[in-house]
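The first residue of the sequence shown is numbered 1, and numbering continues consecutively from there.
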Amino acid sequence: LTTLDGEQITTENVAGKIVLVDNWATWCGPCMRKMPKLKERYEQWKASGLEIIGIDWDRDVAKGKKAITREKLDWPQVNPYAAERDHGDLWDRATGITALPYLVLLDEKGLVMAAGQPDLVMETMDKVMSGDLPRTFPSWTPEQVSGMTAAEVRQNLVAVSPARQGARKTPAMSDHLTDQFNQLMS
């Protein structure tokens, strides 16, 4: 991704970090009202490995840039319309986002932990950043599980079970952990 400042965001730039993707626009009242909370969370968690990437959906790129400056949004910002006029439409179809604000929280491996409206996603982010939820999804392939001893399976079940309970409000995380739990049980 190319930011509005001309910098490149790559998977290498954010590897090992918790990434919050903030889809917003100046015409979206709830988007702009959540910015103070988002800035507060960024200041609180950036030293612990939180990265925020803003996706400004304003068709008027200059209007979005003014809001970024006015609101003092210190994280990278991307606008799909900045490169070519039809890029925004392509992004819109590719992401399937139908309403703003829309946040996406990615774990340290780039897997979606939570997505949707700000309150639930920021609550999940706070739990992850404070250590109440894991920073990455535990993952095992069927081959890895079949090669585990009974003691290793038990140890991994013990590790997954509390995370599963803690992730109940986060469907993407809960579904993934349930799949991994079932993988270990088979």
Side-chain angles (χ1 to χ4, degrees), residues 1-26 28-58 64-80 91 95-97 99-139 159-178 180:
L1 294 175
T2 302
T3 68
L4 290 171
D5 295 332
E7 302 293 320
Q8 291 293 315
I9 301 172
T10 65
T11 53
E12 290 81 24
N13 297 130
V14 296
K17 295 181 180 180
I18 300 298
V19 178
L20 181 69
V21 180
D22 174 31
N23 291 275
W24 67 280
T26 58
C28 167
C31 295
M32 300 313 293
R33 284 192 297 275
K34 73 153 171 42
M35 289 303 182
K37 287 182 185 177
L38 204 55
K39 288 178 4 183
E40 181 182 293
R41 298 302 206 309
Y42 185 60
E43 288 304 314
Q44 179 180 2
W45 298 119
K46 71 180 176 182
S48 299
L50 175 68
E51 183 67 60
I52 299 178
I53 300 170
I55 310 292
D56 169 25
W57 287 94
D58 280 291
K65 285 182 176 182
K66 284 180 188 173
I68 292 163
T69 301
R70 182 183 67 245
E71 298 294 326
K72 298 180 177 129
L73 304 180
D74 294 333
W75 49 85
Q77 297 287 335
V78 175
N79 183 308
W91 272 52
T95 62
I97 295 171
L100 295 177
Y102 192 86
L103 302 180
V104 180
L105 184 66
L106 305 174
D107 77 356
E108 292 176 336
K109 296 177 187 174
L111 298 173
V112 175
M113 300 181 94
Q117 298 304 310
D119 291 338
L120 178 60
V121 177
M122 286 200 284
E123 178 184 336
T124 301
M125 178 183 68
D126 288 340
K127 287 180 180 180
V128 169
M129 298 308 296
S130 67
D132 292 339
L133 286 174
R135 291 175 68 95
T136 61
F137 288 132
S139 297
V160 169
S161 295
R164 229 174 106 216
Q165 295 302 316
R168 279 193 181 145
K169 288 185 181 178
T170 311
M173 183 184 283
S174 182
D175 291 349
H176 175 82
L177 292 170
T178 298
Q180 292 302 304

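- Contact annotation: the side chain of Val112 approaches that of Leu106 to within less than 4.5 Å [non-hydrogen atoms, C-beta and beyond].
- Under the rule for a salt bridge (Lys or Arg N to Asp or Glu O under 4.0 Å), Lys39 has no partner lying at least two apart in sequence or in another chain.
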- [ ] Please assess Gln8 against Thr2 for the test side chain to side chain contact (heavy atoms under 4.5 Å, CB included), listing each intermediate value before the final yes or no.
- [x] CA-CA 5 Å; Gln8 291 293 315; Thr2 302; 2.6 Å; yes
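- Closest approach of Gly64 and Asp58 over heavy atoms only: CA-OD2, 3.9 Å.
- Contact of the Glu51 side chain with the Pro76 side chain is registered, since non-hydrogen atoms from C-beta on lie closer than 4.5 Å.
- In this structure Lys34 satisfies the side chain to side chain donor-acceptor pair (under 3.5 Å) test together with Asp22, sequence neighbours excluded.
- Of all non-hydrogen atoms in Ala115 and Val121, the two that sit nearest each other are C-CG2, 3.7 Å.
- Remark: Ser48 pairs with no residue by the side chain to side chain donor-acceptor pair (under 3.5 Å) rule, at least two apart or across chains.
- Qualifying side-chain contact (heavy atoms from CB on, under 4.5 Å) partners for Glu71, counting only residues two or more places apart in sequence or in other chains: Met32, Met35, Leu73.
- Applying the salt bridge (charged side-chain N to carboxylate O under 4.0 Å, His left out) test to residues at least two apart or on different chains, none of the pairs has a partner in residues 5-16.
- The side-chain heavy atoms of Asp56 and Trp24, taken from C-beta on, include a pair separated by under 4.5 Å.
- Residues that satisfy the side-chain contact (heavy atoms from CB on, under 4.5 Å) test with Lys37, not counting sequence neighbours, are Arg41, Asp119, Met122.
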Return all side-chain donor-acceptor pairs below 3.5 angstrom for residues 13-20, not counting sequence neighbours, or 'none' if the list is empty.
{"residue": "Asn13", "atom": "OD1", "partner": "Thr10", "partner atom": "N", "Å": "2.6"}
{"residue": "Asn13", "atom": "OD1", "partner": "Thr10", "partner atom": "OG1", "Å": "2.9"}

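- Considering only residues two or more places apart in sequence or on other chains, Tyr42 meets the ring pair (Phe, Tyr, Trp, His ring centres under 6.0 Å) condition with Trp75.
- Rounding to the nearest 0.5 Å gives a distance of 8.0 Å between CD of Gln77 and CD1 of Ile55.
- Residues in residues 106-136 take part in no ring pair (Phe, Tyr, Trp, His ring centres under 6.0 Å) pair, two or more places apart or across chains.
- Smallest separation of non-hydrogen atoms from Ala25 and Leu100: CB-CD1, 3.9 Å.
- Atom CD of Gln44 and atom CG of Asp126 lie 6.0 Å apart (nearest 0.5 Å).
- The CD1 atom of Ile52 lies 4.0 Å from the CG atom of Leu38; values are rounded to the nearest 0.5 Å.
- Here the closest non-hydrogen pair linking Cys31 and Asn23 is SG-O, 4.3 Å.
- The side chain to side chain donor-acceptor pair (under 3.5 Å) check on Thr3 picks up nothing, with sequence neighbours excluded.
- Remark: Thr11 engages no residue in a side chain to side chain donor-acceptor pair (under 3.5 Å) (not counting sequence neighbours).
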TODO: Could you check Met129 against Arg135 for side chain to side chain contact (heavy atoms under 4.5 Å, CB included), going step by step and ending with a plain yes or no?
DONE: CA-CA 7 Å; Met129 298 308 296; Arg135 291 175 68 95; 3.6 Å; yes
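- Remark: Trp45 engages no residue in a ring pair (Phe, Tyr, Trp, His ring centres under 6.0 Å) (not counting sequence neighbours).
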